[in-house]
Amino acid sequence: MELEAKQLRLLKMMDEIDNHAIILLDKEGNIETWNKGAEKIKGYKADEIIGRNFRVFYPEADRQADLPSQLLAQAEAEGKVYHEGWRLRNDKSQFWGAVTITASYNEQGDLIGFAKITRDLTERIKAETTIRLHAQDLEAQNKELEQFVYIASHDLQEPLLNVNNFIELLQLENADQLDETGRLYMDIISQSTHRMRNLIKGLLDYSRIGREKDFTNIDCQELVGFVKEDLMAKISRTNGLLLYDSLPRLMAYPTELRQLFQNLICNGLKFTKPGQTPVVTVSAQRHDNHWQFAVADNGIGIDPVYKDKIFKIFQRLHDRETYEGNGIGLAHSRKIVEMHGGELWVDSVPGQGSTFFFTIPIH
Ligand code: ADP
């Protein structure tokens, strides 16, 4: 008796649930019970639907493909089946249903029917579709912009090269016709065009990232060794130290990864207090599905309010006289990390040093 009372209470509770359609089906899939949620999601009153087959909820193509029977057969064979897809309401409008069908057996172990629980996930699927379309849109716009930057910077190089060549000619052949002020002006023009060439080259490199994809197995210990050789002049000029040990092998884009290490290490060597010996340490830590690298320095550090700004292109925190540079390195670096599917960020104590972290997923 007590058991019966409990069952009744359970049935009553099921009946009241209004955000899940909970229904019982017989062995053939005919509907035996109908709760508030089913009425709300599918739009039928209990007396309109009880006794009919649950196939009515499936669009024509799914019925043709015999999906409802297949789901019942799978639930019978495996005890349970989960399926998501478009379903029909009473008024023939569609909703995205997430359905679990569980087989029910009697005490002898014979199949007696099915319990079916459906959730309406239309809003979620709509939101996901909007986000996906938005992302596709953004990606297309981004590609277009990159193409524009590439063409613009490429085309800008040529007239600039001309200006440069003629300034050099003027300096070589006509220097004696210029007075001191004239020569000073020429020097300034020459420095400016030189700087502009660097900026344009930076832009061109930035827009080129990821154009030639060559995904290979890389020994980072060896790669940082090459970077060290490239930076030897800078390191010995500052008496600096570049420490690295047990860096892993991983799958990545070699040219870009080398550029990334070079940018971060260069900054570590560059942004030091006057007279201080820079010490840059590169290390890596394995996580479940990615490597986390750290490039740490003992330099001037970065005020936390600027920890996002520094990754934007052409953003710098110092004038060029104090620390040379053009503000492209970190934007470049972030793009490289993102093309690998990782993240790049900084932790710093101003006056004591900075650590740039980046992750590279393990493939
Ligand atoms: P650049 O080095 O050419 O200035 P970056 O894009 O590499 O350009 O860096 C942007 C700015 O971020 C730098 O101008 C500097 O202000 C700050 N920054 C980058 N790395 C460091 C570092 N290791 N220590 C302190 N400041 C840094």
Side-chain angles (χ1 to χ4, degrees), residues 145-146 149 153 191-210 223-224 227-228 230-235 237-244 247 255-284 292-340 342-359:
L145 251 174
E146 271 176 17
V149 173
S153 40
Q191 280 167 21
S192 296
T193 50
H194 184 74
R195 199 172 122 59
M196 192 155 167
R197 249 175 61 185
N198 278 341
L199 283 175
I200 291 176
K201 187 180 172 306
L203 266 182
L204 202 58
D205 290 345
Y206 180 79
S207 65
R208 268 191 190 135
I209 298 173
L223 192 78
V224 173
V227 172
K228 186 174 180 177
D230 288 346
L231 297 176
M232 218 48 220
K234 201 169 262 181
I235 296 174
R237 201 171 51 238
T238 55
N239 262 331
L241 266 181
L242 171 57
L243 309 171
Y244 57 100
L247 299 181
T255 319
E256 282 81 6
L257 196 67
R258 182 170 174 160
Q259 181 75 54
L260 172 67
F261 278 119
Q262 172 145 341
N263 288 350
L264 297 180
I265 293 169
C266 247
N267 280 351
L269 295 169
K270 182 166 69 171
F271 292 102
T272 49
K273 292 159 252 179
Q276 188 189 27
T277 304
V279 181
V280 178
T281 313
V282 184
S283 58
Q292 179 171 309
F293 287 84
V295 180
D297 66 53
N298 58 341
I300 55 172
I302 298 161
D303 189 320
V305 294
Y306 300 123
K307 70 183 184 6
D308 292 321
K309 180 181 171 178
I310 52 169
F311 293 103
K312 300 207 167 93
I313 197 158
F314 298 138
Q315 299 291 335
R316 315 194 63 234
L317 307 179
H318 311 277
D319 56 46
R320 258 180 296 122
E321 281 66 43
T322 321
Y323 295 104
E324 51 124 31
N326 52 25
I328 291 181
L330 286 182
H332 218 137
S333 304
R334 179 164 271 183
K335 200 169 164 194
I336 292 173
V337 173
E338 284 174 359
M339 78 178 266
H340 284 89
E343 284 176 71
L344 168 66
W345 70 98
V346 67
D347 253 6
S348 174
V349 179
Q352 290 185 26
S354 314
T355 304
F356 284 82
F357 294 98
F358 67 89
T359 57

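Both counts, for ligands and for their atoms, begin at 1 and track the order of listing.
Between L231 and L269, the shortest heavy-atom distance links the atoms CD1-CD1, 4.3 Å.
Heavy-atom separations between F356 and ligand 1 include at least one value shorter than 4.0 Å.
The closest non-hydrogen atom to atom 5 (P) of ligand 1, taken over T272, I313, L330, comes from L330. Relative to atom 4 (O) of ligand 1, the option among E324, K312, R316, H332 with the closest non-hydrogen atom is R316. Considering I302, I300, N267 only, the shortest heavy-atom separation from atom 27 (C) of ligand 1 involves I302. For atom 17 (C) of ligand 1, the candidate residues are I310, D297, N198; the nearest heavy-atom contact is made by I310.
Contact atoms of ligand 1 toward G301: 25 (C) (distance under 4.0 Å to a heavy atom of the residue). Close contacts between ligand 1 and N326 involve ligand atoms 3 (O) [criterion: under 4.0 Å to a heavy atom]. Applying the 4.0 Å criterion to heavy atoms of L317 picks out, from ligand 1, the atoms 14 (O), 16 (O). Near Q315, with a cut-off below 4.0 Å to any heavy atom, the atoms of ligand 1 are 10 (C), 11 (C). Atoms of ligand 1 found under 4.0 Å from any heavy atom of G325, numbered from 1 in the order shown, are 3 (O). Annotation for ligand 1: atoms under 4.0 Å from non-hydrogen atoms of K270 are 1 (P), 2 (O), 3 (O). Using a 4.0 Å cut-off to heavy atoms of I328, the atoms of ligand 1 that qualify are 6 (O), 8 (O).
The neighbour count for H318 NE2, taken as heavy atoms of other residues, nucleotides or ligands under 6.0 Å away, is above 12. Other residues, nucleotides and ligands contribute at most 12 non-hydrogen atoms within 6.0 Å of the CD atom of E324.
At a threshold of 4.5 Å between non-hydrogen side-chain atoms, the residues F293 and T359 do not count as touching. With contacts defined as side-chain heavy-atom distances shorter than 4.5 Å, the pair Y306/Q315 does not qualify.
Residue contacts with ligand 1: G329 is placed with a nitrogen or oxygen under 3.5 Å of a nitrogen or oxygen of the ligand (distance criterion only).
Classified by interplanar angle (parallel below 30°, tilted 30° to 60°, perpendicular above 60°), the ring pair W345/F357 is parallel.
Looking at N263, its side chain does come within 3.5 Å of a backbone N or O of G329 through a donor-acceptor pair.
Remark: S207 engages no residue in a side chain to side chain donor-acceptor pair (under 3.5 Å) (not counting sequence neighbours). K335 pairs by the side chain to side chain donor-acceptor pair (under 3.5 Å) definition with E146, not counting sequence neighbours.
Of all protein heavy atoms, the one closest to atom 8 (O) of ligand 1 is G327 CA, 3.1 Å. Atom 21 (C) of ligand 1 has its closest protein heavy atom at F271 CD1, 3.5 Å.
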Inset, instruction - Take F358 and H340 through the ring-ring contact (aromatic ring centres under 6.0 Å, His included) test and state the conclusion after the steps. - result: CA-CA 10 Å; F358 67 89; H340 284 89; 8.7 Å; no

